Amino acid sequence: MSHRILNFSAGPAILPEPVLAEAADGVREINGSGMSLLEVSHRGKDYEAIHADAESRLLKTLSLNPEEYATLFLQGGASQQFAMLAQNFLKPGVSADYIVSGDWGAKALSEAKFYGDAREAASSKGEKYSELPRSFTRTPGARYVHITTNNTIEGTEYFDLPETGETPLVADTSSDFLALRRDYSKFAFLYGGAQKNVGPAGVVLAVARKSFLAEANTDIPKIYSYKTFLDNRSLYNTPPTFAIYVVGLVLKWIESEGGLEAIEVRNKRKAAILYNALDELTPFYGPTVTNKSDRSLMNVTWRLADESLEPELLAEAKKAGMDGLKGHRSVGGFRASIYNAFPEKGVQALADLLRDFAGRKG
Ligand SMILES: *Cc1c(COP(=O)(O)O)cnc(C)c1O
């Protein structure tokens with residue numbers, strides 16, 4: 001690629017360059033077949049091999065046992081999962097607990113209320129979601145507890161998962177999918193739009209404990225039933241073949257980089273470069289997440305004490321080849337999304353700019 005800017009976009013977001021190059025080749029021709037990947041049947045052998053590899057590689061990357069867990073490729077974005085999850089597990093009179101740690105979690109809860117007794121078990125809305133809720137109220141017999149592992153808009157992330165006892169833990173992991181090691185076997189179900197950290201828009205990756213899906217509702221249309229996707233290996237209807245292909249390439253890239261262990265080390269180092277600069281330059285800058293143990297590795301958010309300087313900083317960043325730094329419209333300020341593929345030297349360049357700008361204006 002001739003010219004790459006520093007793309008801090010929250011999503012769709014930066015992908016590894018070797019993945020983009022290989023994906024471009026696959027669009028031209030796949031496996032010497034005389035066809036583009038975009039032209040081959042989802043039931044043909046070329047695509048079948050890609051599909052099977054991505055399915056199993058995802059479980060392997062998360063250290064999950066394929067006897068116990070399955071990969072599902074879904075569509076409609078994480079937003080559709082807010083409704084589909086509840087449609088599969090709730091009914092009037094059946095409850096689920098939602099820990100609301102950000103705007104996306106609040107949306108998940110409000111969609112679930114169409115299907116059953118979805119409750120707000122905790123919320124940090126009073127703190128403008130600048131920290132994670134410390135505890136939650138458990139509803140006896142709740143079908144599941146839902147969390148958002150990384151709050152893309154506000155910049156918080158779970159590192160210790162809440163204890164839910166016997167109640168299955170379900171998570172929206174859209175913006176920290178494959179960003180760090182966790183004990184993923186603690187989740188009964190996790191889902192995320194690929195476009196934040198794992199691939200292009202158009203596919204939702206879900207990982208499900210099979211025994212959890214075995215208890216899902218059956219009185220719903222087939223196309224909305226997780227069991228349909230499980231029983232047909234996400235090939236009941238036409239899956240988003242291109243997006244799954246690119247996800248497969250990203251999974252191979254992660255493996256070649258040393259797996260989640262190496263990715264996590266790098267992500268921690270990258271985030272520390274920015275948080276250290278922001279802490280050092282407080283109060284000129286104010287990191288919006290003050291509780292250090294809640295700070296996201298993926299989305300770093302901050303404000304300027306003097307908000308009138310914000311357009312100037314954005315303009316300087318743009319001139320330095322940086323894009324996507326404007327904070328979400330609901331929060332304001334700045335947000336640097338530094339997903340897996342974001343280069344460490346780009347993070348360093350932003351930290352240098354922040355120091356330089358504060359030196360001149362502070
Ligand atoms: C982006 C995002 C969503 C929404 O994803 P879509 O794929 O656009 O529906 C949901 N949850 C989180 C945590 C997100 O970051």
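Starting from 1, each residue takes its place in the sequence as its number. Remember, it's a predicted structure, so these values are computed and weren't measured experimentally. When a ligand or atom number is given, it counts from 1 through the structure's own listing order.
Atom 1 (C) of ligand 1 has as its closest protein heavy atom Lys196 NZ, 1.5 Å. Of the protein's non-hydrogen atoms, the one nearest atom 15 (O) of ligand 1 is Thr152 OG1, 2.4 Å. Among protein heavy atoms, the minimum distance from atom 7 (O) of ligand 1 is reached at Gln195 NE2, 2.9 Å. Among protein heavy atoms, the minimum distance from atom 9 (O) of ligand 1 is reached at Ser79 OG, 2.6 Å. Among all protein heavy atoms, the one lying closest to atom 11 (N) of ligand 1 is Asp172 OD2, 2.6 Å. Here the protein heavy atom with the shortest distance to atom 5 (O) of ligand 1 is Ala78 CB, 3.6 Å.
Between Leu281 and Arg355, some side-chain heavy-atom pair lies under the 4.5 Å cut-off. Two residues are said to be in side-chain contact when any heavy atoms from C-beta on lie closer than 4.5 Å; Tyr158 and Ser101 meet this criterion.
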Please report, to 0.1 Å, the donor-acceptor pairs under 3.5 Å made by any side chain of residues 19-32, with sequence neighbours excluded.
residue : atom : partner : partner atom : Å
Asp25   : OD1  : Arg28   : NH1          : 3.1
Glu29   : OE2  : Ser33   : N            : 3.4
Glu29   : OE2  : Gly34   : N            : 2.7
Asn31   : ND2  : Asp46   : OD1          : 2.9

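A salt bridge links Lys268 with Glu264; the closest basic N to acidic carboxylate O contact falls under 4.0 Å. Look at Arg295 and Asp279 and you find a salt bridge, because one of the NZ, NE, NH1 or NH2 atoms lies within 4.0 Å of a carboxylate O, short of that distance.
Aromatic pair Phe8/Phe334: centroids not less than 6.0 angstrom apart. Side-chain rings of His146 and Tyr98 approach one another, their centers coming within less than 6.0 Å.
Counting heavy atoms closer than 4.0 Å to ligand 1, residue Tyr191 contributes nothing at all.
Taking a cut-off of under 4.0 Å to the non-hydrogen atoms of Thr148, the atoms of ligand 1 that pass are 13 (C). Close contacts of ligand 1 with Asn150, meaning ligand atoms under 4.0 Å from a residue heavy atom, involve 13 (C).
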